[in-house]
Amino acid sequence: MTDTPARPIARAPRGFADKRARDLAAERRILSAVSEVYERYGFEPFDTSAFEYADALGKFLPDADRPNEGVFALTDDDDQWMALRYDLTAPLARFAAQTWDTLPKPFRRYAYGPVWRDEKPGPGRYREFVQCDADTVGSARPEADAEVIAAAAEGLEAAGLPRGAYVLRINNRKLLNGLLATAGVADDRQKLAVLRAIDKLDRLGPEGVRLLLGEGRLDESGDFTKGAGLAPAAIDSVIAFTAVEAGRGDALDRLSNVVGGSEDGAAGVEELARIHQALTGMGLEADRALVDPSVVRGLEYYTGPVFEAELLLQTTDERGEAVRFGSVGGGGRYDDLVARFTGQAIPATGFSFGVSRLAAALRAAGRDAGAGARGPVVVIAFDEARMADYFAAAAELRAAGLPAEVYLGSSGMKAQMKYADRRLSPAAVILGEDELAAGAVTIKNLDLGRQLAGQVSDNREWREARPGQQTLPRAELVAAVRKIVEAAS
RNA sequence: GCCGCCCUAGCUCAGUUGGUUAGAGCGCCAGAUUGUGGCUCUGGAGGUCUCCCGUUCGAUCCGGGAGGGCGGUACCA
C-alpha cells in the first residue's frame, strides 16, 4: 500500500502550442520575407519587451484595481501591475509617447514577436501567438495609409500568397460616422453596436445584420444578442451603405452619393480618393486593393481608414472539407492612441497580421513554407573504438556547410537507418569496418530509397538492392553528400 | 460569459443490459534479416475506462459535481 508519488502531468498549458521544425521553418520564412519587404518600404526594425505596465496597455476594469481579464498580469516588487503585451500597437504608442521628441518624424517601424491574450482558446486560436506589424506614427496623410496597404500586399506576396489569392479591402470609419450623424445617431454605444453588427455581414447576411441593427437577434443556440436599437429608416440607410459595390475610383462615386451629404462622409470619401490615387501610383490596382464599405473591423480605436486582408483561395482541411479562412490580417488609422499618454494627438496608421495564422493559410492553400524542412546527414555509429572517425566525417560535412550528426543513441544499425529516415535525412554515411580498412566511405541516398520503396515488395530484394548506395574513396565524402543534398533542394 | 454535445491505450474508436482476465486498427519496441529505412509475418510494451462524491455486495457503465475537449453564440485591444 505505498502511495505513488504525485507526478506532474506532462502537458502544455491550455492555449499554448509547441512548434517543431516544420512550423518554425514556415514562420521564419514568412518573417524574413516580410521583413525584407517592410525594410524596403522604409520601416525600421523595432522591438519592445514582453511586459508593459498595465496602465500603459490601457486595460483596467472601470471600477477595479486589477487589470482586466484578457491580459496576463502580475505585480512587480513595487506593487505596480505589469502585463504581457496583447498586441504590438500599444507598446508602440507607449514608446512613441515616451521618446517622441527624439524621434525622426514620422516614425516608421515594423515589429514582430509573441503577444499574449488570456481568453478562451480554440482551433487556430492561441493564448500566445506571433504578430507582425508595420506602422507609421506622426503622419495624417492618407498616403501613409496607402503605403501601409501597399507594403502589406507586397509582404503577403513575398510570404508566398500568389497575386489573386488575397485582396485588401479598404473602408473609412468616417463614412459610417457621417451616415449615422445624418440619421441622427450620436450615442457612442449605439455606434459601436452598429459596427459589430456590420462586422457579421459575411456570416449572418443582410437580414441577420438588420436584426442586430434593430431590436436584436436570437441565434441557433438560443442566445439572444441585443441589437443597436436603430430606427427603421436608419437601418435601411446602413444596409444600403454596406451594399454599395466594392471597387476603386468607381466605388468612390457610388459612396459619395450615399454619404457625401455629411461633413464626415465627404471627408472620408476624400481620404479614400487620395489613398486610391497613391495606390495607383504604386502600381496597386483593384485586383490587390479595393474600397469596400462592408469592412469595419471590430476595434473601437480606429478613427479613419480601416483595412483588412482577405484570403480568396478556396482551401480545404485534412478531411478535404472547404475552409474559409477569411481575414488574415488588418489594420487602420488610430489617431488617439499616443494622446492617451501625452495629451497631444498624434496620427498613426498600421497593418498587422498573425504569423502562424498566415502560415496555416499558406499550408491550407498548398503552399507550405515549412515543407522543405530536412534533417541532418546521419553518420552511422558502429564501434565504440571508432567514434573519432565518425566525428571526423561529421566535422568535414559541417565545415562544408552541410548539416550532419553522428548517431548518439545506443541502438543497432537498423534502428539507426530508421532514425535517419524519420529525421528526413537526405543521406546516411556508413563507415563500418570494411570501409575504414579500405580507406573508403559508403553513402546511402535516403531520398532515392524513399522514392523506390513503393516499387519493391520483397524485403530481401529491397535490402540487397541497396538503393542509392555507393562506396567511394574516403576523400570524396563531402562532394558526394553535397550532390545528394543539392539534388533534394 | 451563455447554450448544446462529448471524454475508454500515444492516436482513431469498439465494448460491458452494473460482475472478477477491457478490445481492435494505426503508431511504438523487438525478432524473422551477424552491417541497411519501406512491405510482410511473429512477439512485446502500453490503460487509476478524465477526476471526485454518491447509490450498490460490487461502478468504466447509474446519479450528482468538477475538469478537459468539440460545436454554436457573445467578446476580441
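On a predicted model such as this, the values are computed, not experimentally measured, just so you know. Below, chains carry the letters A, B, ... as their sequence lines are ordered, and counting in each starts from 1. Reckoned from all heavy atoms, side chains included, excluding hydrogens, waters and symmetry mates.
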Check your understanding: Is there any salt bridge (charged side-chain N to carboxylate O under 4.0 Å, His left out) pair reaching into residues 424-442 of chain A, and which pairs are they, with sequence neighbours excluded?
Key -> none
Which protein N or O atoms sit under 3.5 Å from an N or O of nucleotides 39-44 of chain B?
residue : atom : partner  : partner atom : Å
B:rC39  : O2   : A:Ser457 : O            : 2.9
B:rC39  : N4   : A:Asn459 : ND2          : 2.6

Exercise for review: Go through residues 125-138 of chain A and report each residue with a non-hydrogen atom lying under 4.0 Å from RNA chain B, sorted by number.
Suggested key: A:Arg125
Review point. By side chain to side chain contact (heavy atoms under 4.5 Å, CB included), which residues pair with A:Ala96, not counting sequence neighbours?
Key: A:Trp100, A:Val137, A:Val338
**Study point:** Interface residues of residues 381-393 of chain A with RNA chain B (non-hydrogen, below 4.0 angstrom)
**Key:** A:Phe382
Review point. Which pairs pass salt bridge (charged side-chain N to carboxylate O under 4.0 Å, His left out) with one or both residues in residues 45-54 of chain A, sequence neighbours excluded?
Key: A:Asp47-A:Arg85, A:Glu52-A:Arg94
Identify all side-chain donor-acceptor contacts of residues 378-388 of chain A below 3.5 Å with residues at least two apart in sequence or on another chain.
residue  : atom : partner  : partner atom : Å
A:Asp383 : OD1  : A:Ala385 : N            : 3.0
A:Arg386 : NE   : A:Asp389 : OD2          : 2.7
A:Arg386 : NH2  : A:Asp389 : OD2          : 3.4

**Study point:** Selection: residues 413-420 of chain A, any non-hydrogen atom under 4.0 Å of RNA chain B
**Key:** A:Met413, A:Lys414, A:Met417, A:Lys418
**Study point:** Test ring pair (Phe, Tyr, Trp, His ring centres under 6.0 Å) applied to A:Tyr419 - qualifying residues, sequence neighbours left out
**Key:** A:Tyr407
Point to revise | Partner residues of A:Lys120 under the side chain to side chain contact (heavy atoms under 4.5 Å, CB included) criterion, sequence neighbours left out | key: none
Review point. How does RNA chain B look in dot-bracket notation if pairs are Watson-Crick or G-U with both distances under 3.5 Å, crossing ones as [ ], other-strand ones as |?
Key: (((((((..((((.....[...)))).(((((.......))))).....(((((..]....))))))))))))....
Check your understanding: What side-chain hydrogen bond (donor to acceptor under 3.5 Å, both in side chains) pairs are there with at least one residue in residues 476-486 of chain A, not counting sequence neighbours?
Key -> none
